[in-house]
Amino acid sequence: MMKITIKKSITLTAMVAVIGVAGLLFGLGENQAQTNYTEIRGSMENYSVDFLAQNTPYAIVGLVKQITPIIVEDEGSKRVFSDIILDVQKDLNGNYKEKQITVRISGGSINGITTVSDVDADFQKNERVLIFVAEKELDSIWGDNYYVAGLYQGKFKLSNGNAYGHEFEKGIVESDLIEKIQKARSLN
Amino acid sequence: MISNYGNDNNMNHKTTMTKTTIATIAFASLILAVTIPSADAHTTPLLSKWWQNGNTKVFYIDSELNAISIGGTWNHASQIVTEFEQTRSHFVNTVSGLNIAGETTATTPFIEVGSKNLGLFGVLVQTGFISSSGNYYLKNEIDFNTQKQFEIESNTCNYWDWDIEWVMNHEMGHAVGLDHHLAASSGHSMMVPSCDAGWAQIQTGDDAAMESRY
(Lines give C-alpha, C1' and ligand atoms only; values in the text may rest on other atoms or scores of the structure.)
Protein backbone atom coordinates (compact mmCIF):
# COMPACT_ATOMS: atom_id res chain seq x y z
CA MET A 1 0.00 0.00 0.00
CA MET A 2 2.79 2.41 0.96
CA LYS A 3 4.68 1.66 -2.27
CA ILE A 4 1.59 2.44 -4.33
CA THR A 5 1.14 5.71 -2.45
CA ILE A 6 4.74 6.79 -3.11
CA LYS A 7 4.42 5.77 -6.76
CA LYS A 8 1.28 7.87 -7.13
CA SER A 9 2.98 10.77 -5.38
CA ILE A 10 5.95 10.69 -7.73
CA THR A 11 3.68 10.45 -10.78
CA LEU A 12 1.54 13.37 -9.63
CA THR A 13 4.59 15.49 -8.74
CA ALA A 14 6.15 14.74 -12.11
CA MET A 15 2.92 15.78 -13.86
CA VAL A 16 2.78 19.03 -11.90
CA ALA A 17 6.45 19.68 -12.65
CA VAL A 18 5.98 19.02 -16.39
CA ILE A 19 2.98 21.38 -16.51
CA GLY A 20 4.96 24.02 -14.60
CA VAL A 21 8.04 23.76 -16.80
CA ALA A 22 5.91 23.82 -19.96
CA GLY A 23 4.14 26.93 -18.69
CA LEU A 24 7.45 28.57 -17.90
CA LEU A 25 8.85 27.74 -21.30
CA PHE A 26 5.78 29.03 -23.14
CA GLY A 27 5.80 32.13 -20.94
CA LEU A 28 9.44 32.83 -21.76
CA GLY A 29 8.80 32.11 -25.41
CA GLU A 30 6.07 34.72 -25.50
CA ASN A 31 8.32 37.20 -23.74
CA GLN A 32 11.15 36.61 -26.15
CA ALA A 33 8.88 37.05 -29.12
CA GLN A 34 7.88 40.54 -28.01
CA THR A 35 9.49 43.23 -30.11
CA ASN A 36 8.96 46.99 -30.05
CA TYR A 37 8.23 46.68 -26.38
CA THR A 38 8.96 49.67 -24.14
CA GLU A 39 8.61 49.51 -20.41
CA ILE A 40 8.71 52.69 -18.33
CA ARG A 41 9.39 53.06 -14.64
CA GLY A 42 8.90 56.48 -13.14
CA SER A 43 9.76 58.19 -9.87
CA MET A 44 7.10 60.52 -8.62
CA GLU A 45 6.41 63.11 -6.02
CA ASN A 46 3.48 62.44 -3.78
CA TYR A 47 0.57 64.52 -5.07
CA SER A 48 -2.20 64.96 -2.52
CA VAL A 49 -5.80 65.59 -3.53
CA ASP A 50 -5.61 69.01 -1.88
CA PHE A 51 -2.48 69.93 -3.86
CA LEU A 52 -4.01 68.82 -7.16
CA ALA A 53 -7.29 70.58 -6.37
CA GLN A 54 -5.46 73.84 -5.72
CA ASN A 55 -3.00 73.68 -8.61
CA THR A 56 -4.79 72.23 -11.64
CA PRO A 57 -7.28 74.02 -13.89
CA TYR A 58 -9.83 71.22 -14.28
CA ALA A 59 -11.28 68.51 -12.03
CA ILE A 60 -13.41 66.52 -14.42
CA VAL A 61 -16.10 64.00 -13.54
CA GLY A 62 -16.83 62.01 -16.66
CA LEU A 63 -17.41 58.76 -18.46
CA VAL A 64 -14.74 57.09 -20.62
CA LYS A 65 -16.15 56.77 -24.13
CA GLN A 66 -13.16 55.88 -26.24
CA ILE A 67 -9.52 54.83 -25.88
CA THR A 68 -7.32 55.35 -28.93
CA PRO A 69 -3.69 54.25 -28.92
CA ILE A 70 -1.28 56.27 -31.05
CA ILE A 71 2.39 55.87 -31.92
CA VAL A 72 4.73 58.75 -31.21
CA GLU A 73 8.27 58.84 -32.61
CA ASP A 74 10.69 59.81 -29.89
CA GLU A 75 14.38 60.16 -30.73
CA GLY A 76 14.29 57.24 -33.12
CA SER A 77 12.15 55.06 -30.86
CA LYS A 78 8.46 54.34 -31.16
CA ARG A 79 6.40 54.85 -28.04
CA VAL A 80 2.67 54.30 -27.61
CA PHE A 81 0.42 56.86 -25.95
CA SER A 82 -3.35 56.54 -25.61
CA ASP A 83 -5.90 59.29 -26.05
CA ILE A 84 -8.77 58.90 -23.61
CA ILE A 85 -12.01 60.59 -24.68
CA LEU A 86 -14.44 61.31 -21.86
CA ASP A 87 -18.01 62.61 -21.86
CA VAL A 88 -17.79 65.45 -19.35
CA GLN A 89 -20.47 65.31 -16.68
CA LYS A 90 -19.04 68.08 -14.54
CA ASP A 91 -15.92 70.18 -14.03
CA LEU A 92 -15.77 70.80 -10.30
CA ASN A 93 -13.83 74.00 -11.01
CA GLY A 94 -16.40 75.23 -13.51
CA ASN A 95 -13.72 76.11 -16.06
CA TYR A 96 -14.20 73.44 -18.73
CA LYS A 97 -17.20 74.10 -21.00
CA GLU A 98 -16.96 71.42 -23.71
CA LYS A 99 -19.07 68.23 -23.72
CA GLN A 100 -16.02 66.02 -24.18
CA ILE A 101 -12.38 66.17 -23.17
CA THR A 102 -9.42 64.17 -24.47
CA VAL A 103 -6.54 63.43 -22.13
CA ARG A 104 -3.36 61.67 -23.18
CA ILE A 105 -1.68 58.95 -21.15
CA SER A 106 1.55 57.09 -21.76
CA GLY A 107 1.06 53.42 -22.55
CA GLY A 108 -0.94 51.27 -24.91
CA SER A 109 -0.61 48.79 -27.70
CA ILE A 110 -1.05 49.15 -31.46
CA ASN A 111 0.32 47.40 -34.55
CA GLY A 112 2.56 45.13 -32.50
CA ILE A 113 4.11 48.04 -30.61
CA THR A 114 3.54 48.14 -26.88
CA THR A 115 4.41 50.64 -24.20
CA VAL A 116 3.81 49.89 -20.54
CA SER A 117 4.12 52.59 -17.89
CA ASP A 118 3.83 51.86 -14.19
CA VAL A 119 3.07 55.47 -13.26
CA ASP A 120 0.30 56.42 -15.65
CA ALA A 121 -3.39 56.14 -14.91
CA ASP A 122 -5.18 53.33 -16.69
CA PHE A 123 -8.69 53.66 -18.03
CA GLN A 124 -11.44 51.25 -19.06
CA LYS A 125 -14.19 52.01 -21.56
CA ASN A 126 -17.45 53.06 -19.79
CA GLU A 127 -15.56 53.66 -16.58
CA ARG A 128 -16.80 56.65 -14.58
CA VAL A 129 -13.89 58.67 -13.26
CA LEU A 130 -12.79 61.89 -11.61
CA ILE A 131 -9.53 63.21 -13.02
CA PHE A 132 -7.40 66.25 -12.33
CA VAL A 133 -6.34 67.64 -15.68
CA ALA A 134 -3.14 69.60 -16.30
CA GLU A 135 -3.07 72.47 -18.76
CA LYS A 136 -1.57 71.76 -22.18
CA GLU A 137 2.23 72.13 -22.19
CA LEU A 138 3.27 72.36 -25.83
CA ASP A 139 6.98 71.76 -25.26
CA SER A 140 6.45 68.69 -23.13
CA ILE A 141 6.10 65.06 -24.19
CA TRP A 142 2.32 65.62 -24.01
CA GLY A 143 2.41 68.23 -26.79
CA ASP A 144 -0.89 69.88 -27.67
CA ASN A 145 -2.83 67.56 -25.38
CA TYR A 146 -4.25 67.62 -21.91
CA TYR A 147 -2.85 65.01 -19.53
CA VAL A 148 -3.74 63.65 -16.12
CA ALA A 149 -2.01 65.78 -13.49
CA GLY A 150 -0.01 63.55 -11.17
CA LEU A 151 -0.53 60.65 -13.62
CA TYR A 152 -1.95 57.66 -11.67
CA GLN A 153 -2.30 59.84 -8.56
CA GLY A 154 -4.67 62.20 -10.39
CA LYS A 155 -7.30 59.62 -11.35
CA PHE A 156 -10.13 58.26 -9.21
CA LYS A 157 -12.49 55.51 -10.30
CA LEU A 158 -16.09 56.30 -9.33
CA SER A 159 -18.23 53.30 -8.54
CA ASN A 160 -21.36 52.71 -6.44
CA GLY A 161 -21.13 56.09 -4.75
CA ASN A 162 -17.46 55.64 -3.82
CA ALA A 163 -14.19 56.93 -5.25
CA TYR A 164 -11.03 54.82 -5.44
CA GLY A 165 -7.51 56.00 -6.18
CA HIS A 166 -4.20 57.16 -4.75
CA GLU A 167 -4.60 58.46 -1.19
CA PHE A 168 -7.90 56.58 -0.98
CA GLU A 169 -7.06 53.08 -2.18
CA LYS A 170 -9.75 51.55 0.06
CA GLY A 171 -12.22 54.14 -1.19
CA ILE A 172 -13.90 57.31 -0.02
CA VAL A 173 -17.53 58.31 -0.45
CA GLU A 174 -17.72 60.13 -3.77
CA SER A 175 -19.54 63.13 -2.31
CA ASP A 176 -16.90 63.39 0.46
CA LEU A 177 -14.12 63.48 -2.13
CA ILE A 178 -15.93 66.18 -4.11
CA GLU A 179 -16.47 68.17 -0.92
CA LYS A 180 -12.77 67.80 -0.06
CA ILE A 181 -11.76 69.08 -3.50
CA GLN A 182 -14.12 72.05 -3.33
CA LYS A 183 -12.97 72.91 0.18
CA ALA A 184 -9.29 72.77 -0.87
CA ARG A 185 -10.02 75.04 -3.83
CA SER A 186 -11.86 77.54 -1.65
CA LEU A 187 -8.71 77.88 0.48
CA ASN A 188 -6.67 78.70 -2.62
CA MET B 1 -22.69 -7.18 6.43
CA ILE B 2 -22.45 -6.29 2.76
CA SER B 3 -23.04 -2.71 3.68
CA ASN B 4 -20.24 -2.77 6.29
CA TYR B 5 -17.86 -4.29 3.79
CA GLY B 6 -18.67 -1.46 1.39
CA ASN B 7 -17.97 1.11 4.12
CA ASP B 8 -14.62 -0.49 4.97
CA ASN B 9 -13.70 -0.38 1.32
CA ASN B 10 -14.64 3.28 1.11
CA MET B 11 -12.70 4.01 4.29
CA ASN B 12 -9.62 2.25 2.92
CA HIS B 13 -9.93 4.11 -0.35
CA LYS B 14 -10.30 7.45 1.45
CA THR B 15 -7.30 6.70 3.68
CA THR B 16 -5.19 5.80 0.65
CA MET B 17 -6.30 8.98 -1.12
CA THR B 18 -5.47 11.09 1.92
CA LYS B 19 -2.05 9.45 2.26
CA THR B 20 -1.41 9.97 -1.44
CA THR B 21 -2.39 13.63 -1.22
CA ILE B 22 -0.24 14.26 1.86
CA ALA B 23 2.70 12.41 0.35
CA THR B 24 2.31 14.32 -2.93
CA ILE B 25 2.25 17.68 -1.18
CA ALA B 26 5.26 16.73 0.98
CA PHE B 27 7.20 15.42 -2.01
CA ALA B 28 6.35 18.46 -4.16
CA SER B 29 7.35 20.80 -1.31
CA LEU B 30 10.66 18.99 -1.03
CA ILE B 31 11.26 19.31 -4.77
CA LEU B 32 10.36 23.02 -4.65
CA ALA B 33 12.61 23.62 -1.65
CA VAL B 34 15.52 21.98 -3.44
CA THR B 35 15.03 23.51 -6.90
CA ILE B 36 13.88 27.08 -6.19
CA PRO B 37 16.41 29.40 -4.55
CA SER B 38 15.16 30.64 -1.22
CA ALA B 39 13.29 33.88 -1.82
CA ASP B 40 14.21 36.45 0.77
CA ALA B 41 11.17 38.59 1.51
CA HIS B 42 13.46 41.62 1.45
CA THR B 43 14.94 40.88 -1.97
CA THR B 44 14.03 43.52 -4.52
CA PRO B 45 11.95 42.19 -7.45
CA LEU B 46 13.67 41.93 -10.81
CA LEU B 47 12.42 43.10 -14.17
CA SER B 48 12.13 40.50 -16.92
CA LYS B 49 15.24 41.58 -18.83
CA TRP B 50 18.87 42.26 -17.99
CA TRP B 51 22.26 43.11 -19.49
CA GLN B 52 23.97 40.19 -21.19
CA ASN B 53 26.90 39.00 -19.06
CA GLY B 54 26.33 42.08 -16.87
CA ASN B 55 27.98 44.31 -19.47
CA THR B 56 26.77 47.78 -20.39
CA LYS B 57 28.03 51.38 -20.44
CA VAL B 58 26.76 54.88 -19.82
CA PHE B 59 26.31 57.57 -22.46
CA TYR B 60 25.62 61.14 -21.35
CA ILE B 61 23.87 63.74 -23.47
CA ASP B 62 25.47 66.92 -22.18
CA SER B 63 23.07 69.27 -23.94
CA GLU B 64 20.14 67.56 -22.21
CA LEU B 65 21.90 67.44 -18.85
CA ASN B 66 22.43 71.21 -19.11
CA ALA B 67 18.64 71.59 -19.19
CA ILE B 68 18.27 70.07 -15.70
CA SER B 69 17.69 72.61 -12.95
CA ILE B 70 20.10 72.36 -10.04
CA GLY B 71 18.96 74.74 -7.33
CA GLY B 72 17.18 76.90 -9.88
CA THR B 73 20.12 77.33 -12.26
CA TRP B 74 21.14 75.44 -15.38
CA ASN B 75 24.20 74.31 -17.38
CA HIS B 76 25.48 71.89 -14.77
CA ALA B 77 26.17 68.97 -17.12
CA SER B 78 29.73 68.36 -15.93
CA GLN B 79 28.65 68.37 -12.28
CA ILE B 80 25.77 65.97 -13.04
CA VAL B 81 28.11 63.65 -14.95
CA THR B 82 30.52 63.66 -11.98
CA GLU B 83 27.66 62.73 -9.64
CA PHE B 84 26.41 60.02 -11.98
CA GLU B 85 29.88 58.57 -12.36
CA GLN B 86 29.97 58.16 -8.58
CA THR B 87 26.67 56.29 -8.78
CA ARG B 88 28.07 54.10 -11.56
CA SER B 89 31.16 53.28 -9.48
CA HIS B 90 28.97 52.51 -6.50
CA PHE B 91 27.08 49.90 -8.53
CA VAL B 92 30.19 48.38 -10.12
CA ASN B 93 31.99 48.15 -6.77
CA THR B 94 28.97 46.65 -5.01
CA VAL B 95 27.77 44.08 -7.55
CA SER B 96 30.61 41.79 -8.56
CA GLY B 97 29.07 40.56 -11.82
CA LEU B 98 28.04 43.97 -13.09
CA ASN B 99 30.37 45.81 -15.43
CA ILE B 100 29.10 49.28 -16.33
CA ALA B 101 31.73 51.16 -18.28
CA GLY B 102 32.04 54.92 -17.91
CA GLU B 103 31.37 57.77 -20.27
CA THR B 104 31.24 56.44 -23.79
CA THR B 105 29.63 56.68 -27.21
CA ALA B 106 26.09 55.66 -28.03
CA THR B 107 26.65 52.11 -29.22
CA THR B 108 24.64 49.19 -27.88
CA PRO B 109 24.46 47.99 -25.23
CA PHE B 110 24.21 51.25 -23.31
CA ILE B 111 22.32 53.38 -20.82
CA GLU B 112 21.60 56.87 -22.09
CA VAL B 113 21.31 59.64 -19.51
CA GLY B 114 19.61 62.88 -20.43
CA SER B 115 16.48 64.91 -19.84
CA LYS B 116 13.06 65.62 -21.29
CA ASN B 117 10.20 67.95 -20.58
CA LEU B 118 7.96 65.35 -18.94
CA GLY B 119 5.39 67.91 -17.81
CA LEU B 120 4.91 70.07 -14.74
CA PHE B 121 2.69 67.39 -13.17
CA GLY B 122 4.58 64.46 -14.66
CA VAL B 123 7.19 62.12 -13.26
CA LEU B 124 10.36 63.39 -11.63
CA VAL B 125 12.52 60.99 -13.61
CA GLN B 126 11.71 58.09 -15.86
CA THR B 127 13.67 55.08 -17.00
CA GLY B 128 12.56 53.53 -20.26
CA PHE B 129 13.64 50.13 -21.46
CA ILE B 130 13.38 50.96 -25.10
CA SER B 131 15.41 48.38 -26.95
CA SER B 132 16.10 44.75 -26.27
CA SER B 133 16.93 41.46 -27.94
CA GLY B 134 15.38 38.40 -26.36
CA ASN B 135 15.98 38.69 -22.65
CA TYR B 136 18.76 41.24 -22.99
CA TYR B 137 18.62 45.02 -22.92
CA LEU B 138 20.30 46.87 -25.73
CA LYS B 139 19.39 50.40 -24.69
CA ASN B 140 17.86 51.91 -21.59
CA GLU B 141 17.16 55.59 -21.24
CA ILE B 142 17.11 57.67 -18.05
CA ASP B 143 15.40 61.02 -18.45
CA PHE B 144 15.24 63.69 -15.77
CA ASN B 145 12.26 66.01 -15.99
CA THR B 146 13.36 69.52 -16.99
CA GLN B 147 10.28 70.91 -15.21
CA LYS B 148 11.51 69.78 -11.78
CA GLN B 149 14.27 71.09 -9.58
CA PHE B 150 17.07 69.01 -8.13
CA GLU B 151 19.82 69.66 -5.62
CA ILE B 152 23.26 68.17 -5.04
CA GLU B 153 23.81 66.55 -1.66
CA SER B 154 20.65 68.00 -0.10
CA ASN B 155 19.99 64.56 1.47
CA THR B 156 16.25 65.06 1.16
CA CYS B 157 13.49 64.45 -1.32
CA ASN B 158 11.16 67.32 -0.68
CA TYR B 159 9.40 69.35 -3.35
CA TRP B 160 11.96 71.39 -5.31
CA ASP B 161 14.78 69.88 -3.29
CA TRP B 162 15.41 66.41 -4.67
CA ASP B 163 18.84 65.00 -3.95
CA ILE B 164 19.96 64.13 -7.46
CA GLU B 165 22.34 61.42 -6.24
CA TRP B 166 19.50 59.63 -4.44
CA VAL B 167 17.41 59.81 -7.60
CA MET B 168 20.34 58.54 -9.69
CA ASN B 169 20.72 55.51 -7.40
CA HIS B 170 17.05 54.62 -7.82
CA GLU B 171 17.03 55.10 -11.59
CA MET B 172 20.30 53.23 -12.08
CA GLY B 173 18.63 50.41 -10.14
CA HIS B 174 15.86 50.34 -12.75
CA ALA B 175 18.36 50.66 -15.59
CA VAL B 176 20.18 47.48 -14.54
CA GLY B 177 16.91 45.57 -14.12
CA LEU B 178 15.45 46.19 -10.66
CA ASP B 179 11.71 46.73 -10.38
CA HIS B 180 9.91 48.79 -7.76
CA HIS B 181 9.85 47.09 -4.37
CA LEU B 182 6.33 47.68 -3.12
CA ALA B 183 6.60 45.56 0.03
CA ALA B 184 10.04 46.59 1.26
CA SER B 185 10.57 47.32 4.93
CA SER B 186 12.14 50.66 5.63
CA GLY B 187 15.82 50.75 4.72
CA HIS B 188 15.92 47.40 2.89
CA SER B 189 15.59 48.75 -0.63
CA MET B 190 16.33 51.89 -2.61
CA MET B 191 13.63 50.72 -5.02
CA VAL B 192 10.58 51.72 -2.95
CA PRO B 193 8.46 53.88 -5.30
CA SER B 194 8.29 56.97 -3.11
CA CYS B 195 11.60 58.63 -2.35
CA ASP B 196 12.98 58.14 1.14
CA ALA B 197 16.40 57.95 2.81
CA GLY B 198 16.72 54.36 1.56
CA TRP B 199 17.47 55.82 -1.88
CA ALA B 200 20.79 57.11 -0.55
CA GLN B 201 22.60 53.88 -1.38
CA ILE B 202 22.26 50.31 -2.59
CA GLN B 203 20.47 48.41 0.19
CA THR B 204 20.69 44.73 1.16
CA GLY B 205 17.55 43.74 -0.76
CA ASP B 206 18.82 45.43 -3.93
CA ASP B 207 22.26 43.89 -3.66
CA ALA B 208 20.77 40.42 -3.16
CA ALA B 209 18.62 40.82 -6.27
CA MET B 210 21.48 42.10 -8.44
CA GLU B 211 23.87 39.41 -7.20
CA SER B 212 21.28 36.76 -8.08
CA ARG B 213 20.93 38.20 -11.59
CA TYR B 214 24.56 38.97 -12.41
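Residue numbers start from 1 in every chain, and the chains themselves are labelled A, B, ... in the order their sequence lines are given, proteins ahead of strands.
- Heavy atoms only, all atoms of each residue included: Phe81(A) and Val72(A) are closest at CD1-CG2, 3.5 Å.
- Using a 4.5 Å cut-off between heavy atoms, Trp160(B) makes no contact with chain A at all.
- If you tally non-hydrogen atom pairs under 4.5 Å between each of Leu47(B), Val125(B), Asn145(B) and chain A, the highest count goes to Val125(B).
- Shown here is Lys136(A), whose NZ atom has more than 12 heavy atoms of other residues, nucleotides or ligands within 6.0 Å.
- Contact annotation for Ser43(A): both backbone and side-chain heavy atoms come within less than 4.5 Å of a heavy atom of chain B.
- Between His180(B) and His174(B), the distance separating the two ring centers is shorter than 6.0 angstrom.
- Contact count against chain B (heavy-atom pairs under 4.5 Å) is highest for Ala149(A) among Gly154(A), Ser117(A), Ala149(A).
- Residue Phe132(A) does not touch chain B at all, counting heavy-atom pairs closer than 4.5 Å.
- Counting heavy-atom pairs under 4.5 Å between each of Asn55(A), Leu52(A), Val148(A) and chain B puts Asn55(A) at the top.
- Only the side chain of Glu137(A) comes within contact range of chain B, judged by heavy atoms closer than 4.5 Å.
- If you measure heavy-atom distances from Asp120(A) to chain B, you find no contacts under 4.5 Å at all.
- Taking the six-membered ring for Trp and the full ring otherwise, Trp162(B) and Phe150(B) have centroids separated by 6.0 Å or more.
- Only the side chain of Phe51(A) comes within contact range of chain B, judged by heavy atoms closer than 4.5 Å.
- Centroid-to-centroid, the aromatic rings of Tyr58(A) and Tyr146(A) come within less than 6.0 Å.
- Between Trp51(B) and Tyr136(B), the gap from one ring centroid to the other reaches at least 6.0 Å.
- Figure legend: cation-pi geometry between Lys116(B) and Phe144(B) absent, as NZ or CZ is not positioned both under 6.0 Å from the six-membered ring centre and within 45° of its axis.
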